[in-house]
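Notes to accompany the following structure.
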2 protein chains.
Amino acid sequence: MTEIKQNTLFVSTLAKGLRILQAFDETHTSLSLTGLAQITGLDKSSVQRLANTLHLEGMLDKDPVTRRYRPSHAWLSLAYSYFWSDPLVARAMPKLIDLSQRLGETVNLAELSGDRIIYVTRLPCTRTVFAASVPGRTVPALPTSAGQVIIATFPPEERAAAIRDWHVKAHTRHTTIDRKTLAKQIEEAAKTGHAITTDQMILGEIGIACAICTPDGQSRAAIQCSVSSHHWDKARIRSEILPWLMDAANTL
Amino acid sequence: MTEIKQNTLFVSTLAKGLRILQAFDETHTSLSLTGLAQITGLDKSSVQRLANTLHLEGMLDKDPVTRRYRPSHAWLSLAYSYFWSDPLVARAMPKLIDLSQRLGETVNLAELSGDRIIYVTRLPCTRTVFAASVPGRTVPALPTSAGQVIIATFPPEERAAAIRDWHVKAHTRHTTIDRKTLAKQIEEAAKTGHAITTDQMILGEIGIACAICTPDGQSRAAIQCSVSSHHWDKARIRSEILPWLMDAANTL
DNA sequence: ATGCGCTGTATTATTATATGATACCTGCGT
DNA sequence: ACGCAGGTATCATATAATAATACAGCGCAT
């Protein structure tokens, strides 16, 4: 079928099984056999066998009456294993907790994943949209505070390449998609050591981020704080939030 | 190899791939090829092909120098999909946030998963051990506050079966493993509508839980709060924490 | 330096095993 | 009562996973 990857070290059956798992997302919270077949593009019979296997192995729950499949608790167990495998999580967690208590605002550990930012751990302190309160969400890196502050640590060519090539997508009507503007913002982040963005992914949300650097000065992660623009302005953010964020990021 | 499950609807290759993923846990945060082979019991060649496939599909990161495999960010994306698929998470999140702010203590959404409790979302408010601060952790249901309060909602026979059959394992030297005692505690939970346990999974930790019931009175989930026994005693917990927990659980 | 052992990589013949077409069953709506 | 959609079960076929084997790289000890 898929003609590429005719490598003998590539197990296409397993790859197909993974496509079943990845068919579930924000909009597809439960899927029928035929739904899975449509999304994955796999044969109905294949989906039947693969989904059945995933079910027997505890990776998919199956509603006995609707026969629809759903992600199982095992998906959370995998995340749990991830948290242990990422050394930054254990190091950052106590500082994140302190920060969230001190600021009374949502703080996140964000990491670079390809050209996107993934929120690895989130400590929501105020009611917000659901997507912003659970870990694992990914968003384009370029227009977000965490992304900008990470890119700002890159050597010049890599930084330019990111600004030129990385994908952006408007999530709100105010998402910055102009690459000239993004370049300026990233340059600013390089100078000041932080980035503040507004209305990028969610309207009314301000993001503040500081990079977590390795000893060589490079960065793949950031500490990020999300606040409401109804309660905060940039001046107050700079005086009341930034110093704490900076300190936490620098001691990691 | 595995002689059972010779069902034509069972794709053993996929099942083997899943075993690779599940080889990672608290103690195995990164694994070499041979390490994977040992843990999974699979042939070295199979592991090579399966791990390679998982790597190419973005499910495993590979350290280019040590050649060791690690969980990838994709594992968090799966958790993200889970959060959307579980309707309880979206309903509970705002209440959990309010609770954590009001109490200033760690609150969790716990669900029953077989004979174990899985912490689905966690809002840590005080520094604690790492395992207690990230979602996805599972523990035996019987001795934990959340487990007891859930089992307490079961009809008599199911409750008895759980107390008799479900697995328990001592995590601390004070973990309750005596089933008579557990039966009493669960009966107490049925009467009072809540459960309070001490030193069950972590020394110095007190757990308080209230069940989240469906209209028919059954329960598969609980709101749980963890506090330190150095700062709290049962009387103060009952007066200052319980009413809020109860309220949150009852309105879900 | 030399050789050994360990771990990861690549290749191959063999056949086990995934495939997808097909037929059957069930429940729902008309 | 009927047709249809979605889920389930069966089966012949050849694709694609298997595991044995050989090769390469690295560290370690002699």
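What you are looking at is a predicted structure, and each value in this text was computed from that prediction instead of being measured. Proteins come first, then strands; the chains are lettered A, B, ... in the order of their sequence lines, and each starts at number 1.
Atoms CG (A:L33) and P (C:dC25) sit 19 Å apart, rounded to a whole Å. Atom P of nucleotide C:dT7 and atom CZ of B:R68 are separated by 11 Å, given to the nearest angstrom. Rounded to whole angstrom, the span from the CG atom of B:N52 across to the C1' atom of C:dA10 amounts to 11 Å. Taking atom CZ of A:F10 as the reference point, atom P of C:dA10 lies 16 Å away to the nearest angstrom. The nearest whole Å value for the distance from the CD atom in B:Q38 to the C1' atom in C:dT7 is 11 Å. Between B:L50 atom CG and C:dG8 atom P the separation is 15 Å, expressed in whole Å. In this structure, the NZ atom of B:K16 is 7 Å from the P atom of C:dA18, given to the nearest Å. Between B:L42 atom CG and D:dT18 atom C1' the separation is 12 Å, expressed in whole Å.
Here salt bridge (Lys or Arg N to Asp or Glu O under 4.0 Å) pairs that include residues 70-80 of chain B, with residues two or more places apart or in two chains, number zero.
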List the atom pairs, with distances to 0.1 Å, where a side-chain N or O of residues 107-115 of chain B and a protein N or O form a donor-acceptor pair under 3.5 Å, not counting sequence neighbours.
unit_1 : atom_1 : unit_2 : atom_2 : d
B:N108 : OD1    : B:R122 : NE     : 2.9
B:N108 : ND2    : B:Q224 : OE1    : 2.8
B:E111 : OE1    : A:H73  : NE2    : 2.8
B:E111 : OE1    : B:Y82  : OH     : 3.3
B:S113 : OG     : A:H73  : ND1    : 3.0
B:D115 : OD2    : B:H167 : N      : 3.2

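Around atom CG of B:L203, more than 12 heavy atoms belonging to other residues, nucleotides or ligands sit under 6.0 Å away.
Ring-centre distance between B:F130 and A:W84: below the 6.0 Å cut-off.
Under 4.0 angstrom from either OP1 or OP2 of D:dT8 there lies at least one side-chain N or O belonging to A:K62. Contact annotation: A:R67 side-chain N/O to D:dT8 OP1/OP2 distance is under 4.0 Å. Note on B:S46: a side-chain N or O is less than 4.0 Å away from OP1 or OP2 of D:dA19. Listed pair B:T34 / C:dG8 meets the phosphate criterion, a side-chain N or O lying under 4.0 Å from OP1 or OP2. Look at A:S12 and you'll find a side-chain N or O under 4.0 angstrom from OP1 or OP2 of D:dA17. The phosphate of C:dT12 (OP1 or OP2) has no side-chain N or O of A:T8 nearer than 4.0 angstrom.
Contacts of A:S32 with the nucleic acid, taken as non-hydrogen atoms under 4.0 Å apart, involve only primed sugar atoms and P, OP1 or OP2. Within the 4.0 angstrom heavy-atom criterion, only backbone atoms of the sugar-phosphate kind lie near A:T13; the bases stay farther away.
A donor and an acceptor atom sit less than 3.5 Å apart, one in the side chain of A:R49 and one in the base of C:dG20. For D:dG6, its base never sits under 3.5 Å from the side chain of A:K44 at any donor and acceptor pair.
Between atom CG of residue B:L56 and atom CG of residue B:L54 there is a gap of 9.0 Å, rounded to the nearest 0.5 Å. Between A:S77 atom OG and B:I118 atom CD1 the span is 4.0 Å, to the nearest 0.5 Å.
Between B:L9 and A:L31, the residue whose closest nucleotide on DNA chain D is further toward the 5' end is A:L31. If you find the closest nucleotide of DNA chain D to B:D43 and to A:T66, the one lying nearer the 5' end belongs to A:T66.
Of the candidates A:I117, A:V168, A:V149, A:I150, A:I117 is the only one forming a side chain to side chain contact (heavy atoms under 4.5 Å, CB included) with A:T144. With respect to A:T29, the side chain to side chain contact (heavy atoms under 4.5 Å, CB included) criterion is satisfied by exactly one of B:S81, B:S85, B:P87: B:S85.
Here the nucleotide nearest the side chain of B:Q48, chosen from D:dT18, C:dA21, C:dT9, is C:dT9.
Annotation: the terminal axes of the helix from C:dA1-D:dT30 to C:dT30-D:dA1 meet at 30°, where each axis is the rotation carrying the C1' atoms of four end pairs onto the next four (5 pairs per end, rounded to 10°).
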